[in-house]
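Read through the structure below, which is laid out as structure tokens, and then see the notes.
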There are 2 protein chains.
Amino acid sequence: MVAPPLRARVRAGMIDEIKAVARRHLATDGANLSLRAVARDMGMVSSAIYRYFPSRDDLLTALILEAYDALGDAVEAADAAFDRGDLRGRWHAACRAARAWALAHPAEYALLYGSPVPGYAAPEDTVAPAARPPLTLVGILRDGLAAGRLSPPEDALPEPLRADMAELGVLLSVDLPPALLARGMAGWTQLFGLISFELFGRLNGVLPHRDEYFDHQTALMADLVGLP
Amino acid sequence: MVAPPLRARVRAGMIDEIKAVARRHLATDGANLSLRAVARDMGMVSSAIYRYFPSRDDLLTALILEAYDALGDAVEAADAAFDRGDLRGRWHAACRAARAWALAHPAEYALLYGSPVPGYAAPEDTVAPAARPPLTLVGILRDGLAAGRLSPPEDALPEPLRADMAELGVLLSVDLPPALLARGMAGWTQLFGLISFELFGRLNGVLPHRDEYFDHQTALMADLVGLP
DNA sequence: CATTGTCAAGAGCAGTGCTCTCGATTTGAA
DNA sequence: TTCAAATCGAGAGCACTGCTCTTGACAATG
């Protein structure tokens with residue numbers, strides 16, 4: 001195993017530095033990332049950036065992928081830190097971790113969950129990392145169901161929805177009753193809505209005690225999905 | 001009462017036409033609205049637009065205000081079309097109306113509820129029209145409570161959250177028990193999350209039966225807020 | 001009739017993403 | 001070791017953006 005040639009290493013370093021500078025710009029200037037500003041910060045000329053990223057969208061895609069992974073790591077780590085049997089503790093920890101990450105990286109969260117850029121289409125390889133937070137939530141449900149500490153709801157689902165939910169279960173590789181999976185999706189939707197409302201300024205001026213509000217709302221959803 | 005001078009009338013017409021053209025551009029090109037493109041479509045020169053809107057943000061604000069009002073009209077009309085006592089019917093109608101409006105005007109919805117534009121700060125006069133959809137939802141709860149057909153939940157709220165909810169009730173001019181108002185906010189958050197997930201492409205490839213999914217999830221929230 | 005205010009047009013500034021070309025440098029094989 | 005190929009940064013340039021300022025034409029008002 002030979003070491004990678006020097007050229008490849010400095011190239012990898014350049015790519016990392018560009019991403020780091022771009023992330024910094026993202027945090028201050030918001031989603032309208034300027035390639036020229038990034039190049040300026042690096043003491044380069046704008047056209048040099050194109051040696052490393054074929055377009056601005058590709059740079060954004062790289063940042064999006066890293067952000068998905070960072071969020072996924074945070075949520076999964078928070079979940080893993082609790083005893084497997086402490087379903088409610090895991091639920092709250094996962095939700096809190098997602099919110100904490102979003103509050104710490106608002107611009108990146110907006111990049112992931114904000115309005116889609118008109119011309120931009122998310123590449124195929126973002127769907128797997130994007131599924132990690134909801135997968136963590138439904139994983140808690142799966143564990144609770146397997147341990148017999150959680151009884152599936154008896155919601156009556158119309159047939160097409162039942163089939164859709166079954167298919168979604170196969171796609172996520174998690175075997176849950178359709179009605180329970182639907183409630184899990186409700187929890188995930190609610191988590192996204194809570195964070196987005198707070199981060200996008202829709203709670204400005206009202207509800208100053210954000211932590212308590214968030215915990216209460218996630219507790220409501222924990223009840224809804226049937227956590228003991 | 002004299003008729004407004006001709007000059008003012010043609011000016012108002014111009015403003016309306018600019019907004020109409022801008023809305024059309026918004027629908028096709030997304031949020032990055034180009035003043036020059038709007039001017040081109042109107043056979044004008046870009047600088048002429050500034051006679052009617054002092055900046056691009058002001059034009060966007062005008063569009064945002066109109067969009068809030070259009071959404072508020074749709075939701076309130078759907079709610080008003082049902083018998084006052086049919087709480088569940090009103091709930092579903094209001095939710096469906098919001099979703100239908102969003103699907104019909106995706107770009108305008110993204111303008112309202114997508115990631116905030118970095119430099120842009122929503123003016124004060126947007127908060128009232130922005131509050132109309134959630135007000136419609138909690139109005140259903142208020143009516144149910146007044147009619148004795150809805151019993152407030154017995155959630156234990158921590159004191160600061162209870163106070164926040166009481167204050168929010170005053171702000172919305174709706175007298176609800178804090179715990180019930182919190183659940184109403186959960187319903188509103190869920191509605192926003194459902195629509196955003198669908199509109200922002202997060203359901204692409206899964207859950208093809210969107211109507212059934214949406215109805216089921218809003219029914220879950222109707223249960224959560226305690227609608228009979 | 002004369003003045004005042006409003007209007008569209010045009011030029012121009014600073015910024016953007018992106019393409020192309022041109023030398024300089026590094027690389028890997030002959 | 002030599003040499004061609006690949007890679008790199010720099011610069012010029014294109015088409016586009018929001019926005020400002022000036023100029024000349026027009027209409028409404030006194």
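Each chain gets a letter, A, B and so on, in the order its sequence line appears, and its residues count up from 1.
- As rounded to whole Å, 11 Å separates atom C1' of D:dA10 from atom CE of A:Met44.
- Rounding to whole angstrom units, CE of residue A:Met14 and C1' of C:dT25 are separated by 14 Å.
- Using a 4.0 Å heavy-atom cutoff across all strands shown, B:Met42 reaches no nucleic acid atom at all.
- One can place OH of B:Tyr50 at 17 Å from P of C:dG10, the figure rounded to the nearest angstrom.
- Taking the side chain of B:Ser34 as heavy atoms from C-beta on, and the options D:dT17, C:dC18, D:dC19, the nearest nucleotide is D:dT17.
- Among D:dT23, D:dA10, D:dG9, the nucleotide with an atom closest to any side-chain atom of B:Arg51 is D:dT23.
- Minimum atom distance to the side chain of B:Arg36 is reached by D:dT17, of the listed D:dT17, C:dC18, C:dA9.
- Residues A:Val225 and A:Arg183 approach most closely at CG1-O, 3.4 Å, considering heavy atoms.
- The side chain of B:Ala48 sits closest to C:dA8 out of C:dA8, D:dT20, D:dG13.
- For A:Val45, the listed nucleotide lying nearest its side chain is D:dG11; candidates were D:dG18, D:dG11, D:dG9.
- Note on A:Ile49: nothing from the nucleic acid sits closer than 4.0 angstrom, heavy atoms only.
- Taking only side-chain atoms of B:Ser47, from C-beta outward, the nucleotide of D:dG11, D:dG9, C:dG10 with the closest atom is C:dG10.
- The CG atom of A:Asp79 sits 4.5 Å away from atom CD1 of A:Ile140, with the distance rounded to the nearest 0.5 Å.
- For the residue pair B:Ser115/A:Tyr109, the side-chain donor-acceptor check at 3.5 Å is not satisfied.
- For A:Tyr52, whose side chain is taken as the heavy atoms from C-beta onward, the closest listed nucleotide among C:dG17, D:dT20, D:dG9 is D:dG9.
- The minimum heavy-atom distance linking A:Tyr50 with A:Ser55 is given by the pair CE2-CA, 4.2 Å.
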